[in-house]
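To start, the structure itself, in structure tokens.
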2 protein chains.
Amino acid sequence: MGKSWSVLLSWPGRTGPEAAVPEVELERVAGDDSAIRIVHGDNEGVLQAMAPELEGKVSLVYLDPPFFTMREFERVTRRKSGTSPPVRILTPAFDDRWCGLESYLSSLRSRLVLLRKLLSPHGSVVVHVDPRTSHYVKVLGDEIFGPDAFASEIVWRYRRWPARTPNFQRVHDVLLRWVADPCAAPRFTQLYEELAPSTLKTWGRGKQKAVFDGTGRRRRSSTEQAPSPGVPLGDVWEISIIAPVGRERTGYPTQKPEGLLERVIGALSEPGDIVLDPYMGSGTTLSVAAKLGRRAVGMDQSHVAVGVTRERLAAAGVQFSEFRAVPVQRQQAPGQLRRHAP
Amino acid sequence: MGKSWSVLLSWPGRTGPEAAVPEVELERVAGDDSAIRIVHGDNEGVLQAMAPELEGKVSLVYLDPPFFTMREFERVTRRKSGTSPPVRILTPAFDDRWCGLESYLSSLRSRLVLLRKLLSPHGSVVVHVDPRTSHYVKVLGDEIFGPDAFASEIVWRYRRWPARTPNFQRVHDVLLRWVADPCAAPRFTQLYEELAPSTLKTWGRGKQKAVFDGTGRRRRSSTEQAPSPGVPLGDVWEISIIAPVGRERTGYPTQKPEGLLERVIGALSEPGDIVLDPYMGSGTTLSVAAKLGRRAVGMDQSHVAVGVTRERLAAAGVQFSEFRAVPVQRQQAPGQLRRHAP
DNA sequence: GCAGTTAATGAATCGCATG
DNA sequence: CCATGCGATTCATTAACTG
């Protein structure tokens with residue numbers, strides 16, 4: 001554990017013994033050695049099983065866990081029945097019901113502890129949550145990674161239909177980022193966004209340059225010839241949600257836009273790096289990682305998620321291999337990959 | 001206390017006895033009974049002294065406490081000395097150095113506990129912080145007001161000169177809001193912002209209206225004659241910081257823009273309501289409250305803050321009265337206001 | 001092809017009906 | 001009486017269609 005505040009979260013029974021993680025091993029289902037890997041199974045066991053291979057080698061972990069909404073989520077598929085209205089088919093995808101915030105935080109905590117060991121020294125972890133739990137998750141994460149390792153709270157601002165409520169419309173999610181080692185030089189590629197309208201008006205696209213007088217005081221700025229690449233990317237990102245009828249949409253609930261992952265992966269990893277997504281869902285992370293030339297591992301418990309991701313990667317022409325977690329059979333040598341006959 | 005999660009913050013010594021608040025009473029310094037009141041003194045004592053008067057009567061508390069920056073802040077004043085460069089004069093304004101997050105949170109906690117009792121049932125508390133402490137403050141506030149009372153995390157997105165750092169630029173503050181009673185109808189006036197460009201393009205300014213078929217399925221939307229007032233205000237606000245040479249600027253450090261307070265006060269209180277700002281600073285809350293016809297009380301320990309606010313309100317032609325906190329003299333009857341001879 | 005129009009529906013939220 | 005569900009609300013976005 002990193003250096004921690006002495007301010008911690010506490011709840012009844014927190015200090016009790018933690019349940020042992022059921023030991024699993026990975027069985028290859030399809031594909032050969034590929035830069036992109038899908039693993040079907042509970043991420044807790046899978047992370048433990050992959051620890052020997054991945055320890056210290058992961059540049060970026062992006063986690064999009066359930067948001068503690070106390071709901072079940074379904075995948076929507078549409079079948080066009082020739083005649084007029086297409087039929088909507090609902091398939092259960094994942095269950096976000098919990099017996100209390102304690103159990104939610106405990107579950108997330110055990111994953112974060114396992115993930116920390118996989119990070120390379122220049123790596124970072126990004127947890128995608130919403131403002132209903134982000135604050136608790138932040139305090140939890142500070143305890144695991146150390147408060148000095150906290151690097152950014154990124155606000156994803158989106159637009160959606162308004163709800164009638166005597167409150168400000170909730171239109172943002174939160175991405176919390178910690179670095180593996182606050183003293184190491186972090187993986188970070190500077191990305192840029194468009195200059196503010198007011199800046200364009202006053203300065204145009206030329207770079208501004210501060211001008212100092214003899215005494216060291218700033219006198220004014222001047223416009224340079226060289227065009228500015230834009231402003232260095234901030235921590236508030238305005239990115240559209242995937243339109244209900246958008247091409248990108250897979251029907252998997254809670255799907256994240258590729259534009260969001262492009263920023264996360266583009267800024268926080270480099271080509272050839274390993275990116276890890278323990279809550280794979282519809283496979284947006286894998287899809288974007290492949291597009292940007294990263295290696296990646298995605299995990300999900302849900303066979304619906306695995307199916308959606310498999311089809312998505314195949315449709316995009318991405319080479320990938322697929323594994324599944326199976327309970328360790330004590331009779332045979334552990335850790336050995338068994339070939340699965342299809 | 002409201003109903004709470006069983007997830008709490010804990011730190012060594014937290015359960016120990018809390019220091020007693022030094023008892024003070026208010027002494028009138030200037031002005032007669034006014035809708036706007038300035039009180040010079042430590043807000044903890046002042047809140048306790050004003051409790052009998054304000055209990056259950058405050059519609060909105062806006063707090064802009066120090067941000068745990070571990071710095072001292074100074075006021076900048078410029079004196080134009082006839083000749084060329086104006087002289088900058090620095091006056092210490094407030095001290096934001098703490099011996100640990102625990103002491104910061106303890107201090108804030110005692111204020112929030114006092115404030116809770118002053119709120120009317122439809123009232124709310126808004127705490128302005130930044131993402132370095134917001135998460136701890138949120139967990140603390142949930143404990144005091146109850147997690148069900150948490151209403152909004154508002155993100156104030158501003159634009160500033162970018163810093164050279166291998167990280168996303170920090171360009172947001174956070175406003176946390178709790179309501180006094182989650183079951184009561186809250187004070188809330190719906191404010192609107194401009195429609196998204198894509199909406200304007202597709203729909204124009206007409207309201208959209210859902211159209212359903214016989215089976216209850218939504219078929220499509222149609223544009224109505226009635227113009228939409230815009231989209232109901234969200235929880236991410238893009239508001240400029242006060243320009244370094246802006247007319248609004250008082251020179252007081254950490255001054256907040258009036259536009260921010262216009263939204264907070266406009267949405268969460270009504271004309272005639274009492275608005276309270278225990279960390280008054282340069283008096284933005286009082287200034288905006290006066291402009292919007294609210295009654296208001298501002299408190300600050302710093303005589304620089306009180307001076308800046310006094311000049312600011314006077315310059316704006318706002319009638320106000322001013323008090324100061326003095327230790328209770330046990331010899332004379334307590335609670336009685338003493339007239340101060342200037 | 002390109003521009004303008006129409007269709008479809010979503011990590012929402014409240015209130016009221018229904019068991 | 002409490003839990004659950006569905007109707008009503010109406011912005012944002014892209015696909016598909018039309019001229």
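Note that this is a predicted model, so its numbers are computed, not measured. Below, chain A is the first sequence line, B the second, and so on; all start at residue 1.
- Taking atom CD of residue A:Glu72 and atom P of nucleotide C:dA11, one finds them 16 Å apart after rounding to whole Å.
- B:Leu200 has its CG atom 16 Å from the C1' atom of C:dT5, to the nearest Å.
- The nearest whole Å value for the distance from the CD atom in B:Glu194 to the P atom in D:dA12 is 9 Å.
- B:Val231 comes within 4.0 angstrom of sugar-phosphate atoms only, judged by non-hydrogen atoms across all strands, and of no base.
- Residues A:Met50 and A:Met299 have side chains in contact (heavy-atom distance under 4.5 Å, counting atoms from C-beta outward).
- We find that A:Asp273 and A:Arg295 are not joined by a salt bridge, their nearest charged nitrogen and carboxylate oxygen being 4.0 Å or further apart.
- Remark: DNA chain C takes part in the stems C:2-10 with D:11-19, C:12-19 with D:2-9, each of 3 or more antiparallel Watson-Crick or G-U pairs, criterion distances under 3.5 Å.
- Put simply, the side chain of B:Lys201 and the base of D:dA12 share no donor and acceptor less than 3.5 Å apart.
- Applying the 4.0 Å criterion to OP1 and OP2 of D:dA12, one finds that A:Ser240 has every side-chain N and O outside that range.
- Within the 4.0 angstrom heavy-atom criterion, base atoms lie near A:Phe73.
- Each of B:Ser228 and A:Ala243 was matched to the nucleotide of DNA chain D holding its nearest heavy atom; the match closer to the 5' end belongs to B:Ser228.
- Look at NE2 on A:His128: it is 9 Å from C1' on C:dA11, rounded to the nearest Å.
- Between B:His135 and A:His135, the ring planes are tilted. Angles from 30° to 60° get that label.
- Atom-to-atom, CD of A:Glu258 to P of D:dT14 comes out at 13 Å; the value is rounded to the nearest Å.
- Between the side chain of B:Gln208 and the base of D:dA12, a donor-acceptor pair under 3.5 Å is found.
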| request: Starting from the C-alpha separation in whole Å, work towards a yes-or-no answer on side chain to side chain contact (heavy atoms under 4.5 Å, CB included) for A:Leu60 and A:Ile265. | output: CA-CA 8 Å; A:Leu60 172 64; A:Ile265 295 175; 4.0 Å; yes
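- The phosphate of D:dC11 (OP1 or OP2) has no side-chain N or O of B:Thr199 nearer than 4.0 angstrom.
- Residue B:Leu195 is in sugar-phosphate contact alone, with no base atom involved, counting any heavy-atom pair closer than 4.0 Å across all strands shown.
- Taking 4.0 angstrom as the limit, A:Arg247 places none of its side-chain polar atoms (N or O) nearer than this to OP1 or OP2 of C:dA8.
- Atom P of nucleotide D:dT14 and atom CD1 of A:Ile239 are separated by 12 Å, given to the nearest angstrom.
- Among the nucleotides D:dA15, D:dA12, C:dA11, the one closest to the side chain of B:Trp203 is D:dA12.
- Contact between B:Asp148 and B:Pro182 at its shortest, heavy atoms only, is O-CB, 3.6 Å.
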| message | The test is side chain to side chain contact (heavy atoms under 4.5 Å, CB included); show your working for A:Tyr158 and A:Arg160 and say whether it passes. | response | CA-CA 7 Å; A:Tyr158 47 84; A:Arg160 59 163 176 74; 4.0 Å; yes
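- If you take OH of B:Tyr192 and C1' of D:dT10, they are 11 Å apart, rounded to a whole angstrom.
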| task | Could you check B:Arg159 against B:Ser240 for side chain to side chain contact (heavy atoms under 4.5 Å, CB included), going step by step and ending with a plain yes or no? | result | CA-CA 6 Å; B:Arg159 288 172 182 275; B:Ser240 319; over 6 Å; no
| request: Let me have a per-nucleotide readout for nucleotides 12-19 of chain C, 5' to 3', with B, S or -, counting only protein heavy atoms under 4.0 Å. | output: BSS-----
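- For the pair A:Glu153 and B:Arg132, the salt-bridge criterion is not met [side-chain N within less than 4.0 Å of a carboxylate O].
- The aromatic rings of A:Phe73 and A:Phe94 lie parallel to each other, their planes meeting at an angle below 30°, with 60° marking the opposite boundary.
- Side-chain contact between B:Asp235 and B:Val155: absent, with no pair of heavy atoms (C-beta onward) separated by less than 4.5 Å.
- Between A:Val245 and B:Gly230, the residue anchored nearer the 5' end of DNA chain D, judged by the nucleotide with its closest heavy atom, is B:Gly230.
- For the OP1/OP2 pair of C:dT6 and a distance below 4.0 Å, the side-chain nitrogens and oxygens of B:Thr202 include no atom meeting the criterion.
- The side chain of A:Thr254 lies closest to C:dA11, out of D:dT14, D:dT10, C:dA11.
- Per the geometry, CD belonging to B:Gln190 stands 16 Å off P belonging to D:dT9, to the nearest Å.
- Annotation: side chain of B:Leu260 is in contact with side chain of B:Tyr62 (closest heavy-atom distance under 4.5 Å).
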